Amino acid sequence: MQEHRVDVVIVGSGGAGLRAAVEITPPYTCAVLSKVHPLRSHTGAAQGGVCAALGNEEEDSWEWHAYDTIKGSDFLGDQDAIELMCQDAIRAIIELEHMGMPFSRRPDGRIAQRRFGGHTKPENPADPNSRRIPVRRACYSADRTGHAMLHTLYENALKNNVRFFSEFFVTDVIVYNGSCRGVVALDIRSGELHVFHAKAVLFATGGYGRVYQVTSNAHAGTGDGMAVVYRRGIPLEDMEFVQFHPTGLWRLGVLISEAARGEGGILRNKHGEPFMERYAPTVKDLAPRDLVSRAIITEIREGRGIEARDGTFYVGLDLTHLPEQVLREKLPEITGFAQMYLGVDPRREWIPVQPTVHYAMGGIPTDVDGRVVLDANNTVLRGMYAAGEVACVSVHGANRLGTNSLLDLIVFGRRAGKAIMEYLRSGADWEELPADVLEFSRERIERLRSGSGQERVAPLRKELQRSMSEYVGVFRTEQQLLQMTSILQDLRQRYQRLRLQDTGRQFNTELVEALELENLLDVAEAITYSALNRRESRGAHAREDYPKRDDQNWLKHTLIRKREGAEPEIFYKPVRITRYQPVERTY
Ligand SMILES: Cc1cc2nc3c(=O)[nH]c(=O)nc-3n(C[C@H](O)[C@H](O)[C@H](O)COP(=O)(O)OP(=O)(O)OC[C@H]3O[C@@H](n4cnc5c(N)ncnc54)[C@H](O)[C@@H]3O)c2cc1C
């Protein structure tokens, strides 16, 4: 065993982890652990943009942005946190610009902005109650915004004395006598376990898209951070809210950014009808994602989908009317994806698309300073922080608006970093480690390496992914969710009978995949039971047996806690409302 002593451990080197790392300055030491090379984190795949009411293109205000986010969240987002984020967004973008991020520009040199789903302004700014129409609020670097952001933050983190541990896979968090004291990680290269003893730990491990069959997420998106804390009795918040992005490439799920519709793209059914006009008469194709995903599934269910060679269905994303220059300069990446993966030329043909699992609205509950909280009273777990997609602040509530995630990373990643610095300066110290600190991880790994059953990792994972897509999809029913709970029990038993073909130590990627599979199972459990419990439809959670939103009974956050050998425990936390009482959500 190797033991490292640092002031701060950051798990995850995507936008959230790196933005926090920028704050941790000498004399304090910081280790950033990542299971992939930092620049391969999923943030680098983000395409469309990061939003702030800069008003560079037209009049805008952070209050309009906040209202859109609250309405987009189907009124489940915590309004104080949303106001804070939208107000801070303007500063955060200028800060990125000063750090060196290469934004796309307007001819006058200012940062260019474009339209995105759910971002609106009053048609008559003098009358806040007038009809709301799309506004240009998303700042971007062509359709490679995340790439530009990740590189910028990486360079800025390198300026501090941050030490990177790449290809270190975190297996456990050390929580002992009421405080968080470090993490345990597997060095994938050597197969050795390392203990990182720290005064403060930040989880920034991103999302869990790989719980599903069709997803826009990278292979590393296996929900590790959520599973690790869930196994240690820390609750997860609002896990039933899984975002399906409406436009994944048919069957593959590779993302075609909403920026395509922001620049004027139109969704069409098999009759060529621009069907979003029927579902969202004012904003049409720029409606929020939950609504557009349901519209696509409804079109297909009602027989208006386009049939593929293999008998599956999709709808068309029509960009053929856009000037070639727009495709070339503003959407080069997705134009290439359509050509490369499906052999479709978007200048001449519609791109075949279907909803794809994209984003986790739920996650590890935190306050606005990234501190992990354990219950409805916001009891803080000392020394433990979370930020980014793994966390639930909650600024996205039941449905996130496009471009609000990259914003969440830079606003709350920074705040978590600052809160950690304050904690260190207030005299936080290393606290004693428990004697058996490695036991939990070592036992799991040895059990897997010596497993002699007949089950294999890949088929089990496939079955989990297929079942989640079928039973916990865009639409859900009690019957389907119950079915999924029994599939999960079965899969867990079969997991006990895994046998690895590679029993070596060095670069044992099969072992890592087996550990990830257990994480996927735990995350799937939290999603399924939370979804079964919420008997209403809100945002991305559409229950066909309870089709209406029910503010009387369900205007509250779900908290779910694991119980060994039993069904998880569910309890609640109130939604924080400042200015906006829930109203019916129409677009
Ligand atoms: C294709 C795509 C396009 C997107 N486009 C946009 C967009 O235009 N605008 C927008 O706002 N949002 C967009 N999003 C969403 C947004 O990019 C993500 O929500 C966000 O980047 C997540 O950042 P993060 O820092 O939380 O985590 P990530 O960037 O996902 O990084 C997670 C990190 O955790 C590490 N990690 C995970 N598990 C472990 C473990 N067990 N041990 C050690 N390290 C671990 C990983 O190695 C990685 O470094 C997009 C998402 C996708 C998938």
Side-chain angles (χ1 to χ4, degrees), residues 9-21 32-51 114 116-117 138-150 153-154 164-173 183-188 196 202-210 215-228 243 245 247-249 253-259 262 289 333-334 337 356-361 363-364 386-391 396 400-410 412-413 512 515-516 519:
V9 164
I10 295 179
V11 186
S13 56
L18 291 179
R19 183 61 194 83
V32 177
L33 277 54
S34 172
K35 68 176 177 179
V36 299
H37 184 275
L39 294 175
R40 298 198 70 87
S41 302
H42 191 64
T43 296
Q47 301 174 353
V50 48
C51 60
R114 65 178 160 212
F116 242 81
C139 311
Y140 57 93
S141 304
D143 55 356
R144 305 181 183 113
T145 313
H147 179 86
M149 180 185 278
L150 192 65
L153 292 174
Y154 185 56
F164 284 92
F165 291 82
S166 290
E167 298 185 319
F168 272 67
F169 183 90
V170 169
T171 52
D172 197 12
V173 59
V183 298
V184 178
L186 175 74
D187 174 2
I188 298 175
F196 290 83
L202 171 77
F203 266 48
T205 49
Y208 56 57
R210 291 280 154 185
T215 175
S216 67
N217 286 192
H219 285 281
T222 49
D224 299 348
M226 296 183 203
V228 163
Q243 178 160 80
H245 192 296
T247 59
L249 282 185
V254 172
L255 191 75
I256 297 297
S257 169
E258 204 169 287
R289 292 172 178 172
E333 200 84 347
I334 60 161
F337 286 168
T356 182
V357 168
H358 185 59
Y359 183 82
M361 264 76 73
I364 306 173
E389 190 170 340
V390 73
H396 310 300
R400 171 174 77 83
L401 295 187
T403 67
N404 262 350
S405 171
L406 291 183
L407 176 61
D408 173 353
L409 308 183
I410 54 173
F412 293 105
V512 172
L515 293 167
E516 286 176 339
N519 293 340

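Whatever order the structure lists them in is the order used to number ligands and atoms, beginning at 1. Heavy atoms only: backbone and side chains are in, while hydrogens, waters and symmetry mates are out. Not measured: the values here are computed from a predicted model.
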| Quick one: does Thr145's side chain have a donor or acceptor within less than 3.5 Å of a partner on Ala46's backbone? | no
| task | Verify whether one side chain among Asp408 and His396 offers a donor that lies under 3.5 Å from an acceptor in the other. | result | yes
| Under the 3.5 angstrom rule, does the side chain of Thr215 hit a backbone N or O of Val357 as a donor-acceptor pair? | yes
| Got the residues with a heavy atom under 4.0 Å of ligand 1, by chain and number? | Val11, Gly12, Ser13, Gly14, Gly15, Ala16, Leu33, Ser34, Lys35, Val36, Ser41, His42, Thr43, Ala45, Ala46, Gln47, Gly48, Gly49, Phe168, Phe169, Val170, Ala204, Thr205, Gly206, Ser216, Asn217, Asp224, Leu255, His358, Tyr359, Gly388, Glu389, Arg400, Thr403, Asn404, Ser405, Leu406, Leu409
| Centroid-centroid distance, Phe164 to Tyr154, less than 6.0 Å | yes
| said: Evaluate His358 against Ser216 for side-chain hydrogen bond (donor to acceptor under 3.5 Å, both in side chains), listing each step before the verdict. | reply: CA-CA 5 Å; His358 185 59; Ser216 67; 2.7 Å; yes
| query | Can a salt bridge be assigned to the pair Arg210 and Glu516 using a cut-off of 4.0 Å between side-chain N and carboxylate O? | reply | no
